[in-house]
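Comments concern the structure below.
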Protein chains: 2
Amino acid sequence: MSSTDAATIPAPVDDLRAWQSVLAHVEAQLLDGTLSPGDHLPPERTLASDLGVGRSSVREAVRVLEAMGLIRTQTGSGPNAGAIIVATPQGAMSALLRLQVAAQGFRVRDVVKTRLVLEAAVVADVADSASPDLEQSERLLDAMDSPELTPQEFLALDAAFHVSLAAASGNEVVTAMMAGLRSSIEGYVQAGLAVIDDWEATAERLREEHRGILGAIAAGDALTARARVHSHITGYYTQTALVAEAPPTPETTAVVAAPTGTGHIALSRRTAEQ
Amino acid sequence: MSSTDAATIPAPVDDLRAWQSVLAHVEAQLLDGTLSPGDHLPPERTLASDLGVGRSSVREAVRVLEAMGLIRTQTGSGPNAGAIIVATPQGAMSALLRLQVAAQGFRVRDVVKTRLVLEAAVVADVADSASPDLEQSERLLDAMDSPELTPQEFLALDAAFHVSLAAASGNEVVTAMMAGLRSSIEGYVQAGLAVIDDWEATAERLREEHRGILGAIAAGDALTARARVHSHITGYYTQTALVAEAPPTPETTAVVAAPTGTGHIALSRRTAEQ
DNA sequence: AGCGGTACTGTGGTCAGACCACAGAGAGGC
DNA sequence: GCCTCTCTGTGGTCTGACCACAGTACCGCT
C-alpha cells in the first residue's frame, strides 16, 4: 500500500528469524548425524557466509546452543578451540528451571512435588537393580559426617547425594532433571536454614535418614526406600515450611548464570572429594 | 613475561562474559521482584548502556532468555512491543529435551522411562484429587474417535491427551516436562508408525486404553490408573520397538526450532478443537 | 469540531566491519 | 636439537548503520 516501496520484494524465503534458521540448520545436522558429540561446529564466520546470515545472528544461535548445554565454546586455536558438541544437559536444565522459578513460571511447591516423584522412582529403581553402583553416594555420605561443615557445605553435599542416586540409576534424563530441580530451589533451601533452631540436630537427623535410604537401597528393599525418601524430602520442607512461601532473600542466589553446566558437574565432583 | 604487554592490566572486574552479566542482571531482578511476569525488559540499547556492554551482548542474553521461555519479543512500538516477561516453560523444555536427544545427550529409552514415571504419578495424583478437571482430556478423547484422522493427527491428539492429564494435576513443572519429553521423541513415535501392520486396530486399542485410564481416574482408583498408564505406554513402545533404536528418518522432524514455546501451546489448543 | 491520513518515533532484527584476547602451530634463531 | 617468537585462526566484543514494524501524534481536510 503506502508503507513499503512496493517495488522490491525482499524474498521472504522463510518466516524464521535469521538466528532460528541457524539453529534449525544445526539441529538438522545433529539429527542426520552430520554433527555428533565431539565434533566441532564450523567457525562462526564460515557458518555465517554459508547460511547467508550475519555473524551476529550465528552468534545468537550459538549462544542458545551453549545455554541449552549442547556445545562448549573455547577461544584460541587448536583442537580444543571453537564450538564443540558436548551435550551436557545438567547445567542447561538447572538454568532453565532456576530461571523459570525466578520468573514465577514454576511454583516451588510443584518443583518439590516433582522432585519427590522422580526421586522416589529413582531409589526404587536402583534398589531393584542387580548391582547398583553406590560408591559415589557412600562417599558423599561419609563426607557429610564431618562436623566441620558449614550448613551451606552440608546442603551442597546433600544435593550432590541426591543427584548421585539418580546417577546410579543410569537414567540421564532423570539425573539432569533432579539436578535442575534441586538447583532451582537452592535459594529456598538455604533460606530454610534461617528457621531451623538446632542445626546440628537437623543435620544429624538428615544423616541418619540418608543412611537409612542407602541402606534400604542396598538391601534391595524398594518399598522401604521409597517411603524413606518420601518422608526425608517432605520432612525438610515441612520443617522449614518452604512450600508456597515468599521468595528467599535475593542476595543468596543469582550469583552466576552458568549456562554451560560444566560448573555443576565440577561442583559435584569437587564436593565428593572433600 | 613475553606474551602480554605486561604494562596495562585490563581490569578483569568479573570473569563473566559480557552476555552472562546481562543474564545475571536480569535474573537478579527477577528474584528480587524488580521484574515480574508482564513487565517489559528495558530496551536493548538502554540495557546495553546501563550495564556498560555492547548491544550485541545484550542481544545474546535476550536470545537465551527467549530460548528459555522467559520472555517474548515483539517488534514495533506500543505496549505490546519490546521484550516482555512471560515465563512459558513448555516450549523451552521441549526444545531443550529435543536438542539433547538429537545430540545424543539423552537416550530415547531414558526419555520413555522418565515419561513413564512422571505420568504414572500424575494419573495417581489426579485420581486421588477430589474434583479433577478432566473436561479437556475427555474432549481430546472424543476428537480421537473420529475415523477421519490420519495417524499423524491421531498421534498429535494422543500427545495432547497425555499432556492434558498432567495439566489436570495442576503441576506445571510436570506438565512442562511431559510436553518436553513427548516432543523430544516425536520423531521416534512417528517412525514407529512404519512398523505397525494394522494401524486401525492399533488406534482402536489406544482409544480403549485411553478410556480405561480416564475411567480409572474418574473412579478415583489411583492404582488401576497407574497400572493402565504403565501398560499403555510400554505397550506402544514395545510394539514399535523404539527403545534403544537408531534415530528416525531425519526429515520427519527438525522442521522448526521454535524456542519461544507458544507454538506448542497453540498446537495443544488447536488440536483440541478439531 | 470531527475525522482521516500521514509523518514521526521508538522498538527489535540484522548486517558489516573492526579490534582484542587467546592458544596452538610453525618458522626462525641459538 | 631445543627454545623462542611470530603467525594464524578462532571466539568475544563493540560500534555504527540500516531496515521493518507498530503505535502515536500531528496536521490537513471536510
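Note on naming: letters A, B, ... go to the chains in the order of the sequence lines (proteins, then strands), and numbering restarts at 1 for each one. Everything numeric in this text was worked out from a predicted model, so none of it was measured.
For dT11(C), the OP1/OP2 oxygens have no side-chain nitrogen or oxygen of Thr73(B) closer than 4.0 Å. Note on Ser57(A): a side-chain N or O is less than 4.0 Å away from OP1 or OP2 of dC15(C). For dG11(D), the OP1/OP2 oxygens have no side-chain nitrogen or oxygen of Arg17(B) closer than 4.0 Å. Not one side-chain nitrogen or oxygen of Arg63(A) sits closer than 4.0 Å to the OP1 or OP2 atom of dG11(D).
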* To do: Tell me, with the steps shown, if Glu27(A) and Leu35(A) meet side-chain contact (heavy atoms from CB on, under 4.5 Å).
  => CA-CA 9 Å; Glu27(A) 181 177 357; Leu35(A) 289 175; over 6 Å; no
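Salt-bridge check for Arg98(B) with Glu186(B): failed, with every basic side-chain N at 4.0 Å or more from each acidic carboxylate O. A salt bridge links Arg17(B) to Glu66(A): at least one charged side-chain nitrogen sits closer than 4.0 Å to a carboxylate oxygen.
As judged by a 4.0 angstrom heavy-atom cut-off over every strand, Val53(A) is placed among residues touching the sugar-phosphate backbone only.
Taking atom CG of residue Leu47(B) and atom P of nucleotide dG13(C), one finds them 14 Å apart after rounding to whole Å. dC14(D) atom C1' lies 14 Å from atom CZ of Arg59(B), rounded to whole Å. Look at CH2 on Trp19(A): it is 14 Å from C1' on dT14(C), rounded to the nearest Å. What separates CG of Leu23(B) from P of dT13(D) is a distance of 13 Å, to the nearest Å. Atom CD of Glu44(A) and atom C1' of dG11(D) are 5 Å apart (whole Å). The CD1-C1' distance, from Ile84(A) to dG9(D), rounds to 14 Å in whole Å. We find that NE2 of His40(B) is positioned 9 Å from P of dG12(C), with the value rounded to whole Å. Residue Arg72(B) contributes atom CZ, which lies 13 Å from atom P of dA22(D) at whole-angstrom precision.
You'll find a donor-acceptor pair under 3.5 Å spanning the side chain of Arg55(A) and the base of dG12(D), going by distance alone. At a cut-off of 3.5 angstrom, counting only N and O atoms as typed in the model, there is a donor on one side and an acceptor on the other between the side-chain of Arg45(A) and the base of dG11(D).
Looking at Trp19(A) and Val58(A), their side chains never come closer than 4.5 Å, going by heavy atoms from C-beta outward.
Looking at the side chain of Thr75(B), the nearest of the listed nucleotides dG24(C), dG12(D), dC21(D) is dC21(D). Residue Pro79(A) places its side chain closer to dA25(C) than to any other of dA25(C), dG11(D), dG13(C).
Nearer the 5' end of DNA chain C, as judged by each residue's closest nucleotide, is the contact made by Val58(A), out of Gln74(A) and Val58(A).
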